[in-house]
Amino acid sequence: MNRTYLPGILAMAAIVVASNILVQILLGDWLTWGAFTYPFAFLVTDVMNRVYGPGPARKVVIAGFVVGVICSLIGTQIQGEFGPLVTFRVALASGSAFLLAQLVDVFVFNAVRGGRWWRAPLVSTLVGSSLDTAIFFSVAFAAAFTFLEPGNDVSWANEGVPLLGMGPMLPLWVSLGVADWLVKLTLALLALIPFRVVVRKLTARPA
């Protein structure tokens, strides 16, 4: 591995580890603290893509995926109040969502990398974040995927509640996913600032 990419790999690893820890800490009814750290994985991927290209960006994504798998394996061995902190469904949902969403982010970024400096990171992050949320919350909690781990009772996530406490009646996991998605969209906009700054510093030229 080229040592030039090491800061990107370390940054991605730190974000993945922090998010796996913070996702265990609730924030209100719909979010965890991990929702505010995980989206920055897309920032790391986009910076790597802009500065070094799609190949190195994919290598950083794979490194993050491996770290995530290790975190999930550790989580399956830690017993919480209701069983293992990480179940097979959650591990599968987390790993598949991360890998697919990040690789799509790399693809979309590369496809629209021309033009204004903000277009590629914004569009790719919005697409990747939306895919990440859809895959994770549906695979981890939707009743349609119960066959993945029949012994894991996720009926609590399928109880009908008003969307975000004020909308139509939908399964709880939908509200959790929408709240997570809204945070990702907000951070996608805010992350444009550090993206611009970091890319300029690394390239010494306009992004």
Side-chain angles (χ1 to χ4, degrees), residues 12 15-39 41-42 45 61-62 64-108 124-185 187-188:
M12 180 67 81
I15 291 169
V16 171
V17 171
S19 298
N20 274 271
I21 295 173
L22 293 175
V23 75
Q24 307 296 330
I25 305 174
L26 296 175
L27 177 63
D29 294 328
W30 315 112
L31 293 168
T32 70
W33 281 106
F36 294 89
T37 55
Y38 176 76
F42 291 97
T45 300
V61 167
I62 297 301
F65 174 72
V66 172
V67 172
V69 169
I70 293 173
C71 288
S72 292
L73 291 175
I74 293 174
T76 61
Q77 303 304 308
I78 301 176
Q79 293 294 317
E81 183 179 355
F82 302 105
L85 291 182
V86 179
T87 64
F88 171 74
R89 276 187 69 174
V90 169
L92 179 62
S94 178
S96 58
F98 177 88
L99 187 60
L100 291 174
Q102 292 288 333
L103 290 179
V104 167
D105 178 279
V106 173
F107 174 81
V108 173
S124 63
T125 299
L126 292 179
V127 173
S129 296
S130 299
L131 182 61
D132 182 274
T133 298
I135 293 175
F136 176 76
F137 284 93
S138 58
V139 173
F141 302 119
F145 291 94
T146 299
F147 69 91
L148 292 173
E149 193 177 18
N152 179 18
D153 182 13
V154 293
S155 58
W156 60 270
N158 288 275
E159 294 179 358
V161 298
L163 180 64
L164 297 180
M166 56 186 175
M169 294 293 290
L170 291 169
L172 171 60
W173 68 267
V174 176
S175 286
L176 299 177
V178 170
D180 179 83
W181 180 67
L182 291 175
V183 170
K184 286 189 174 85
L185 296 189
L187 292 180

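Along the sequence shown, residues carry numbers from 1.
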Enclosure of M166 CE (heavy-atom neighbours >12, cutoff 6.0 Å)
no
Side chain to side chain, W173 and V161, heavy atoms closer than 4.5 Å:
no
Mind listing the closest non-hydrogen atom pair of S175 and L163 along with its distance?
OG-CA, 3.3 Å
Heavy atoms of other groups near W33 CH2, more than 12 under 6.0 Å:
no
Where do V108 and S124 come nearest, in terms of heavy atoms and distance?
CG1-CA, 3.7 Å
Under a 4.5 Å cut-off applied to non-hydrogen side-chain atoms, are E159 and P171 in contact?
no
Rounded to the nearest 0.5 Å, what separates atom CD1 in I25 from atom OG1 in T32?
8.5 Å
Indicate yes or no: at least one non-hydrogen side-chain atom of D105 is less than 4.5 angstrom from one of V127.
no
Can a side-chain donor-acceptor contact be found between S130 and W181 if the only test is distance below 3.5 angstrom?
yes
Using a 4.5 Å cut-off on heavy atoms from C-beta on, say whether the side chain of M12 contacts that of T45.
yes
Decide yes or no on side chain to side chain contact (heavy atoms under 4.5 Å, CB included) for V178 and T133, but give the supporting numbers first.
CA-CA 8 Å; V178 170; T133 298; over 6 Å; no
Distance col, row T87:OG1 vs L148:CG, nearest 0.5 angstrom, shows 10.0 Å
Could you label the plane-to-plane angle of the Y38 and F42 rings as parallel, tilted or perpendicular, counting under 30° as parallel and over 60° as perpendicular?
perpendicular
Pairwise side-chain contact, I135 with F98, heavy-atom cut-off 4.5 Å (strictly under)
no
N/O donor-acceptor pair under 3.5 Å between T76 side chain and L73 backbone
yes
Is there a donor-acceptor contact under 3.5 Å from the side chain of S94 to the main chain of V90?
no
Atom CD1 of I70 and atom CZ of F65: how far apart are they, to the nearest 0.5 Å?
10.5 Å
Smallest separation among heavy atoms of A35 and V183, with atom names
O-CG1, 3.3 Å
Working to the nearest 0.5 Å, report the span between CZ of F145 and CG of N152.
14.5 Å
Can you name the nearest heavy-atom pair linking N20 to V16, along with the distance?
ND2-O, 2.7 Å
Compare all side-chain heavy atoms of T125 with those of K184 and state whether any distance is below 4.5 angstrom.
no
Value rounded to 0.5 Å, distance of CG in D153 from CG in N158
9.5 Å
Using the side chain to side chain contact (heavy atoms under 4.5 Å, CB included) rule, pick out the option among V17, I21, V86, V23 that qualifies with C71.
V17
Return the minimal non-hydrogen interatomic distance between R89 and V154, and the atom names on each side.
NH1-CG2, 3.4 Å
Can you name the nearest heavy-atom pair linking T37 to I15, along with the distance?
O-CG2, 3.4 Å
Rounded to the nearest 0.5 Å, what separates atom CG in L22 from atom CZ in F36?
11.0 Å
